[in-house]
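We're numbering straight along the sequence, starting at 1.
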Amino acid sequence: MTITSPHLGSSEAWTDAKLLFALEEVVEKELNRHLKVTKDWMPHEYVPWSDGRNFPGFFEDGEAWDPQQSKVTEIGKIALVVNLLTEDNLPSYHHEIASLFGRNGAWGTWVHRWTAEEGRHGIVMRDYLLASRAVDPDKLEAFRMQHMSEGFESDNRHSMLHSVAYVAFQELATRISHRNTGHQSGDPVCDRMLARIAQDENLHMVFYRNLLGAAFEIAPDLTMQAVRDVVVDFRMPGHGMPGFERMAAQMAIGGVYNLRIHHDDVLSPVIRFLKIMEIDGLGPDGQKAQEELGLFMEGLDSEARKFDERLAARAARIAARKA
């Protein structure tokens, strides 16, 4: 793809305010498209309420939680907790994007609509976990309090373009994590619920991906640098939760989210769809960022290959012990 617009990608030409104004029509177009294709759904319809019963506390007939009550696999429990705690931080996410994108016009309408849709995810996941007794409710609440009390600050809050680039990848990463969690959960009810959440996340990804494409058209060099920075330093928004590194490692081994998935199913599809590595006509800074992005993706693929080999060796050892 050749960028034919004049080089306005320098820091002297663009500020966040100018970019927000320049992209307002694109946001309105994408918002209207989103509202036409998205479908409202009721969180309570995805929860197995008939499985629910009282917990100890104010109810005399309360029954304490026991691991044997859960239908969910161990890796499913870990991933569900990580995914829910990530969704729980919605107030912080809303504050971040509302402060950056604003609360007026098409930008503001999108910010509030996105927040409303994301709110369903935390509602339905928590209701499912409690009704089905999938995880320890006391520990879940303790985790929530600790995670939210520490707050959240985006790595990309300094730049509008960095933030758009980040969410284009992150929304897809969240979709993949939810879908794989459902597949690994061992519970068809959980799988169906997370599939519905994943549909929302995919539409959110499309919104931001298309917005990122428009940014390449008007500020190619700055957008390429933002994509390079975001991809190289990418972290999931739940990285600050207690025990995240350990749980992320378990999710990687369990096939919920790992280097291979990150490379093949998250980064590569967005880069390929927008033809980022084919963009021509960049200035020196944009060309340098494009080259560095390509080198990073090659290195990540190599690291993912090593991870795949270690995972295969681990599976072989486990199979040999069982034999």
Side-chain angles (χ1 to χ4, degrees), residues 1 19 23 26-27 30 34 82-83 86-87 89-90 92-93 96-97 100-101 110-111 114 117-118 121 152-181 197-217 219-220 222-240 244 248 251-252 256-279 286 289-290 292-301 303-304:
M1 178 170 66
L19 284 165
L23 290 169
V26 180
V27 172
E30 289 302 315
H34 177 82
V82 170
N83 291 352
T86 300
E87 299 286 357
N89 248 345
L90 181 60
S92 290
Y93 307 149
E96 291 273 339
I97 65 171
L100 192 62
F101 297 155
W110 167 253
V111 166
W114 175 87
E117 291 183 5
E118 288 286 346
H121 303 168
F152 172 82
E153 287 189 345
S154 170
D155 295 333
N156 303 287
R157 62 188 180 279
H158 64 287
S159 161
M160 175 267 183
L161 278 179
H162 282 73
S163 295
V164 170
Y166 176 74
V167 288
F169 294 106
Q170 181 266 321
E171 292 283 4
L172 182 53
T174 305
R175 171 208 165 196
I176 295 297
S177 181
H178 282 311
R179 282 306 288 126
N180 288 344
T181 298
I197 292 175
Q199 290 180 41
D200 282 357
E201 303 291 8
N202 192 63
L203 289 177
H204 297 165
M205 178 276 294
V206 171
F207 178 95
Y208 287 119
R209 184 194 64 191
N210 292 350
L211 188 59
L212 183 62
F216 268 114
E217 292 293 333
L222 283 180
T223 305
M224 186 66 73
Q225 292 173 76
V227 169
R228 183 267 321 272
D229 295 344
V230 164
V231 169
V232 170
D233 297 325
F234 185 88
R235 297 195 296 176
M236 290 294 275
H239 61 81
F244 178 78
M251 290 168 66
V256 174
Y257 200 95
N258 54 40
L259 283 178
R260 175 53 62 201
I261 293 170
H262 184 59
H263 178 278
D264 290 0
D265 300 336
V266 176
L267 299 181
S268 293
V270 175
I271 292 173
R272 185 168 54 248
F273 183 89
L274 295 177
K275 299 181 180 180
I276 291 175
M277 301 311 301
E278 301 171 31
I279 292 176
Q290 188 181 49
E292 291 175 346
L293 175 62
L295 290 173
F296 177 82
M297 289 297 292
E298 291 177 6
L300 183 63
D301 185 46
E303 289 299 313

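Applying the salt bridge (Lys or Arg N to Asp or Glu O under 4.0 Å) rule to E117 yields the partners R113; only residues at least two apart in sequence or on another chain are considered. The side chain to side chain donor-acceptor pair (under 3.5 Å) check on Y166 picks up nothing, with sequence neighbours excluded. For R157, the side chain to side chain donor-acceptor pair (under 3.5 Å) test picks out E153, with sequence neighbours left out. By the salt bridge (Lys or Arg N to Asp or Glu O under 4.0 Å) test, E30 is found to be paired with R33, residues two or more places apart in sequence or in another chain being considered. Applying the salt bridge (Lys or Arg N to Asp or Glu O under 4.0 Å) test to R235 and every residue at least two apart in sequence or in another chain returns D155. Legend: residues meeting ring pair (Phe, Tyr, Trp, His ring centres under 6.0 Å) with Y257, ordered by chain and number and at least two apart, are H262. For D301, the side chain to side chain contact (heavy atoms under 4.5 Å, CB included) criterion is met by R260, H263, R305, not counting sequence neighbours. Shown here are the side chain to side chain donor-acceptor pair (under 3.5 Å) partners of T223, two or more places apart in sequence or in another chain: there are none. By the side chain to side chain donor-acceptor pair (under 3.5 Å) test, D229 pairs with H162, sequence neighbours left out. Annotation: side chain to side chain contact (heavy atoms under 4.5 Å, CB included) contacts of E292 (sequence neighbours excluded): R228, K288.
Between atom CE of residue M277 and atom OG of residue S268 there is a gap of 10.5 Å, rounded to the nearest 0.5 Å. Here F296 contributes atom CZ and L267 contributes atom CG; the two are 7.0 Å apart, rounded to the nearest 0.5 Å. We find the CG-CG distance between L222 and L19 to be 7.0 Å, quoted to the nearest 0.5 Å. Separation of atoms CG (N202) and CE (M205) is listed at 4.0 Å; rounding is to 0.5 Å.
Without hydrogens or angle criteria, Q290 side chain to I276 main chain gives a donor-acceptor distance under 3.5 Å. Listed for the Y93 side chain is a donor-acceptor partner under 3.5 Å among the backbone atoms of T86. With N258 contributing its side chain and A252 its backbone, the two residues share a donor-acceptor pair below 3.5 Å. Side-chain N or O atoms of T181 include one that pairs as donor or acceptor with a backbone N or O of S177 at under 3.5 Å.
Note on residues 198-209: pairs passing salt bridge (Lys or Arg N to Asp or Glu O under 4.0 Å), not counting sequence neighbours, are R196-D200.
Two residues are said to be in side-chain contact when any heavy atoms from C-beta on lie closer than 4.5 Å; I261 and N180 meet this criterion. A 4.5 Å side-chain heavy-atom check between L90 and H121 finds every atom pair outside the cut-off. Contact check for P237 versus N89: no side-chain heavy atoms found under the 4.5 Å cut-off. Side-chain contact between V230 and Q170: absent, with no pair of heavy atoms (C-beta onward) separated by less than 4.5 Å. The shortest distance between side-chain heavy atoms of L100 and I97 does not fall below 4.5 Å.
The ring-ring contact (aromatic ring centres under 6.0 Å, His included) test with Y208 is passed by exactly one of F169, W114, W110: W110.
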